[in-house]
Number of protein chains: 2
Amino acid sequence: MFDDLDKVLLRFANLSEQELNAVHEKLEIVNISKNEYLVQDGEIADSIAFIQSGYLRVCFNHDGDEITRDITSVNSFITALTSFITRKPSFEIVKTITDCELMIIKRENLNYLYQTYNNWQTIGRRIVEEMFVRSQKRIYSLLTSSAEDRYKFILEEKPDMLKNIPLQYIASYLGITSQSLSRLRRNVYKQ
Amino acid sequence: MFDDLDKVLLRFANLSEQELNAVHEKLEIVNISKNEYLVQDGEIADSIAFIQSGYLRVCFNHDGDEITRDITSVNSFITALTSFITRKPSFEIVKTITDCELMIIKRENLNYLYQTYNNWQTIGRRIVEEMFVRSQKRIYSLLTSSAEDRYKFILEEKPDMLKNIPLQYIASYLGITSQSLSRLRRNVYKQ
DNA sequence: CTAGTCAATGAACATTTGTTAAGAAATTTG
DNA sequence: CAAATTTCTTAACAAATGTTCATTGACTAG
């Protein structure tokens, strides 16, 4: 049941059986249907979710539309990290795109793990670091490539996303309107 | 001498006099002139620098030009973080824009602090977290606003950058060519 | 099944940014 | 200081993306 999570955690630090069990006990397992909020606008993010299955997005409201900062899927962690870190109301929202199975850990439980097991400090740091590395890549892709090239990248590297995620969210993730995405797809597929 | 650094560190965690001194001893103080490398392409980043004065940029080579991911100045930390984290050769380079005074801490010294003082684990995490929050804001600004609006933001919020940083680097940071920046400046100032 | 809603596409025109090439201005070097 | 180099600007045209509005297609509630 915790196999996927354990595998990911062990990539981050060499946790003992006991340390793994410690987190298992603290997790809340949640099945949540599509288009539900994990974090609402203005709410303080007080948990981190591990994605057992499904797709979620982190976005924010800008002049009436939702701008997608990130789309995340199986075996990743997700939260409105800026709010989680600063403990201030989130300007970002976290929302399911499809039905999801999540394992949720609350901030107080995470803090408990930090204080009890030194290894967990490392894990916490490494999870955030990995989110950061991911974020770097995103900045470079926005700075250097056209929306069309970014689309082609998804097409080749993450084709599952195109099967499971409505195109409007893909468009927003690429930083363009859905009309532009339609036009661009026409070009890509006619070639 | 360490006043600025101490002030920043104390914002991150409640360090004792002893814990502050511990880092002072481990710092290397460096004066470095403009256009020098802190991290070269392919090198493994093994230190983090605190900027006492001056401007630096983190960028990477893309088809012959340097794409600027970040420009950083006084009272901030800078490194090729992805390389620092993963301990793999850096695809990013770190370079001074102006003459700089830096306080540099090597990875092994940072690790020593992590292991010796529990508070320092927190500091390390918080420094990375802050870099992350910064990175989020950058993604949203790239996704939601035009180059012109991003320029106006710098004009209003960071006018010192425009005084001290060559426009070509500003252009690269904005994600446009320097020709486009010239054109855009003409519009902004004529209004 | 059907009406109603939401998602995706399409087309025409506008705006933003890129590209190329040239020249002006500023800075560095001898 | 003068030449050389680098940085910044300008202009004309091209390409990418936005905007508006209409249409089609898919999904959902009753």
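Residue numbers begin at 1 in each chain, while the letters A, B, ... track the order of the sequences. Nothing here was measured: the structure is a model prediction, and the numbers come from that model.
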Tell me which of B:S180 and B:Y169 sits closer to the 5' end of DNA chain D, going by the nucleotide each one is nearest to.
-> B:Y169
Options D:dT17, D:dA12, C:dA7, nucleotide nearest the side-chain atoms of B:R183 | D:dA12
A:L181 has an atom CG; how far is it from atom P of D:dA16, in whole Å?
-> 15 Å
To the nearest Å, how far apart are A:L167 CG and D:dA26 C1'?
-> 13 Å
Respond yes when some side-chain nitrogen or oxygen of B:K34 is under 4.0 Å from OP1 or OP2 of C:dT28, and no when none is.
-> yes
Does NZ or CZ of A:K26 lie under 6.0 Å from the centre of the six-membered ring of A:Y112, at an angle within 45° of the ring axis?
-> yes
Within the structure shown, what part of the strands sits under 4.0 Å from B:S146 by heavy-atom distance: base, sugar-phosphate, or nothing?
-> sugar-phosphate
To the nearest 0.5 Å, tell me how far A:F91 CZ sits from A:S83 OG.
-> 9.0 Å
Measure from CG on A:L184 to P on C:dA11 and round the result to the nearest Å.
-> 15 Å
Quiz item: B:Q179 side-chain donor-acceptor pair to C:dT20 base, under 3.5 Å = yes
Decide whether a cation-pi geometry holds between A:R126 and A:F12; the criteria are a distance under 6.0 Å from NZ or CZ to the six-membered ring centre and an angle within 45° of the ring axis.
-> no
Could you state the NE2-P distance from B:H62 to C:dG18, rounded to the nearest angstrom?
-> 12 Å
At under 4.0 Å between heavy atoms, what does B:R185 touch on the DNA or RNA strands: base, sugar-phosphate, or nothing?
-> sugar-phosphate
Could you tell me the separation between the OH atom of A:Y189 and the P atom of C:dA8, rounded to a whole number of Å?
-> 13 Å
Phosphate OP1/OP2 of C:dG18: any B:T177 side-chain N/O under 4.0 Å = yes
Whole-Å distance between C:dT17 P and A:E148 CD?
-> 19 Å
What's the CG-P distance between A:D63 and D:dT19, to the nearest Å?
-> 10 Å
So does A:Q168 get a side-chain nitrogen or oxygen closer than 4.0 Å to the phosphate oxygens (OP1/OP2) of C:dA7?
-> yes
Between atom CD1 in A:I170 and atom C1' in C:dA7, what is the gap in whole Å?
-> 14 Å
For A:Y173, is the NZ or CZ atom of A:R150 found under 6.0 angstrom from the centre of its six-membered ring and inside 45 degrees of the ring axis?
-> no
Salt bridge (charged side-chain N to carboxylate O under 4.0 Å, His left out) assessment of A:R69 paired with A:E92 = CA-CA 9 Å; A:R69 171 171 68 76; A:E92 297 191 307; 2.6 Å; yes
